[in-house]
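Let me begin by presenting the structure, written as structure tokens, before commenting on it.
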Amino acid sequence: MSTERARFGKVRDRVMESDWVRLLLSPGLGIGWVLLFLFLPMTVIVVISFSIPGDFGNVIYEFTLANYERFWEADVYKNIIFESLVYGVVVTLLSLPLGYTVGYFLGRSKTDWKWVLLGLVVLQYWVPFIIRTYAWIIVLSNNGVLNQFLLQLGVIGSPLDIMYTDYSMILGLTVSLLPFMILPVYVSVSTIEEDQIHAAKTLGATDFRAFREITLPQSLPGIVSGVLFVFIISAGAFLAPTLLGGPSTRMIAPVIETVFILDFNWPFAAALSLIYFGIIGFLLYLFTRRVDLEEALETGVA
């Protein structure tokens, strides 16, 4: 037994001395796994997107550009992608002031109830997203909570047609994604030293100027992170436009699902996914260049 343990110890030491093993066990392992689980599925999607659709969802692996030509020749898909991006921008613009206000309050608050309030922010994520989406149907339908409440107050004479419209979808997405804006802002604001704000006010700065010169620049990393999170998730939303949107609501994720599941056209669905992925990546690149993400992060830790 001791001989086997000694032999195992020698093998273990020899393995641990290997440069490749040390590389895999280094912090780069996390990056390696990310590349593996991201690069491999993306590679499969790329290969399928250049293939020919067969019967009943089968894929004929023969190189073709027909899927991308179909997208380029059909304006309907370009319009759907544009509308998806517009919805993402609208939800982000609505979430930004609301999320920043709550995040700023939580970050600057000294109350003992702060952790309870933070718990309430993330409490909705204890409930599956599909259940939270269905809950909006109960709230916004003609016989829902909101209409009944307004009718009881006498504010309206007949129920509002809110459900199954762009407004219900945008409202559902905005409320659901608010924590993605609140939490990054809270983290950034809570790290700002109170002495800096007091020093600015001592030198004659008003509350607004102290906020503009001290708080806002140092909370920029949280704003940028929140904007990225909310925009990416909302622009690619699937459940909200499917369950809350109306006939005129068109977003790319449900369209890809339809092409994939109902039309059994996997290559074209893969091509649509890659095109939208590329557009989102390009827009995020332009955004990070515009706001100078590296400088924003350096400002936040300064």
Side-chain angles (χ1 to χ4, degrees), residues 79-103 105-106 117-153 155-156 158-186 222-223 225-258 260-261 272-273 276 279-280 283-284:
N79 294 333
I80 292 174
I81 287 180
F82 177 76
E83 292 177 15
S84 300
L85 297 176
V86 170
Y87 286 129
V89 171
V90 171
V91 173
T92 303
L93 292 178
L94 291 175
S95 300
L96 180 56
L98 297 174
Y100 189 89
T101 302
V102 178
F105 169 76
L106 292 175
L117 297 176
L118 281 172
L120 292 176
V121 171
V122 299
L123 181 62
Q124 63 169 310
Y125 288 103
W126 295 7
V127 181
F129 186 75
I130 188 171
I131 297 178
R132 288 185 279 122
T133 304
Y134 272 115
W136 281 108
I137 299 177
I138 300 175
V139 174
L140 300 177
S141 63
N142 288 347
N143 296 322
V145 176
L146 179 61
N147 273 312
Q148 293 301 317
F149 178 72
L150 295 177
L151 287 172
Q152 290 294 330
L153 292 179
V155 177
I156 57 176
S158 59
L160 300 175
D161 292 328
I162 306 174
M163 195 60 214
Y164 305 121
T165 62
D166 293 349
Y167 302 108
S168 60
M169 183 200 68
I170 291 173
L171 178 61
L173 277 176
T174 301
V175 175
S176 297
L177 298 180
L178 267 179
F180 288 100
M181 185 69 70
I182 294 173
L183 295 178
V185 171
Y186 161 76
I223 296 175
S225 300
V227 167
L228 293 178
F229 280 131
V230 173
F231 176 75
I232 293 173
I233 298 175
S234 59
F238 172 76
L239 280 178
T242 302
L243 300 180
L244 301 179
S248 62
T249 304
R250 302 188 302 176
M251 293 190 70
I252 191 62
V255 171
I256 293 175
E257 187 264 349
T258 300
F260 186 84
I261 300 296
L272 285 177
S273 302
Y276 194 60
I279 292 174
I280 289 291
L283 292 177
L284 295 181

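Note: Met169 CE to Tyr87 OH = 5.0 Å, rounded to the nearest 0.5 Å. Note that the CG atom of Leu228 and the CD1 atom of Ile280 stand 11.0 Å from one another [nearest 0.5 Å]. Atoms CG and OG, on Asp161 and Ser168 in that order, are 11.0 Å from each other to the nearest 0.5 Å. Atom CG in Leu272 sits 6.5 Å away from atom CD1 in Ile81 (nearest 0.5 Å). Between atom CD1 of residue Ile162 and atom CG of residue Leu146 there is a gap of 5.0 Å, rounded to the nearest 0.5 Å. If you take OH on Tyr164 and CD1 on Ile137, they are separated by 4.5 Å, rounding to the nearest 0.5 Å.
Under the 3.5 Å distance criterion, the side-chain polar atoms of Arg132 are matched with a main-chain donor or acceptor of Val127. Between the side chain of Thr249 and the main chain of Gly246, a donor-acceptor pair closer than 3.5 Å is present.
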> Does the pair Tyr276 and Ser84 meet the rule for a side-chain contact (heavy atoms from CB on, under 4.5 Å), with working shown?
Replying inline: CA-CA 10 Å; Tyr276 194 60; Ser84 300; 3.5 Å; yes

> Under the side-chain contact (heavy atoms from CB on, under 4.5 Å) criterion, do Val122 and Leu183 qualify, and how do the steps go?
Replying inline: CA-CA 9 Å; Val122 299; Leu183 295 178; 3.7 Å; yes

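Side-chain atoms of Val102 and Leu98, non-hydrogen and from C-beta on, never get closer than 4.5 Å to each other. Tyr186 has its side chain out of reach of Val121: every pair of non-hydrogen atoms, C-beta onward, lies at least 4.5 Å apart. Side-chain atoms of Leu243 and Tyr134, non-hydrogen and from C-beta on, do get closer than 4.5 Å to each other.
Residues Trp136 and Gly172 approach most closely at NE1-CA, 3.8 Å, considering heavy atoms. Across all non-hydrogen atoms, the minimal contact from Thr174 to Ser95 is CG2-OG, 3.6 Å. Between Met181 and Val227 the shortest heavy-atom distance is CE-N, 3.7 Å. In plain terms, the two heavy atoms of Phe231 and Leu85 that are nearest each other are CE1-O, 3.8 Å. Here the closest heavy-atom approach between residue Ala237 and residue Pro254 is recorded as O-CD, 3.9 Å. Residue Pro159 comes nearest to Asn142 through the heavy atom pair CB-O, 3.5 Å, listed as atom of the first residue, atom of the second, then distance.
The side chain to side chain contact (heavy atoms under 4.5 Å, CB included) test with Met163 is passed by exactly one of Leu244, Asn147, Ile138: Leu244. Here the options are Leu178, Val175, Leu171, Leu173, the test is side chain to side chain contact (heavy atoms under 4.5 Å, CB included), and the partner is Val91; only Leu173 passes.
Within a 6.0 Å radius of CZ in Phe238, other residues, nucleotides and ligands contribute more than 12 heavy atoms. Within 6.0 Å of CZ in Phe149 there are 12 or fewer heavy atoms belonging to other residues, nucleotides or ligands.
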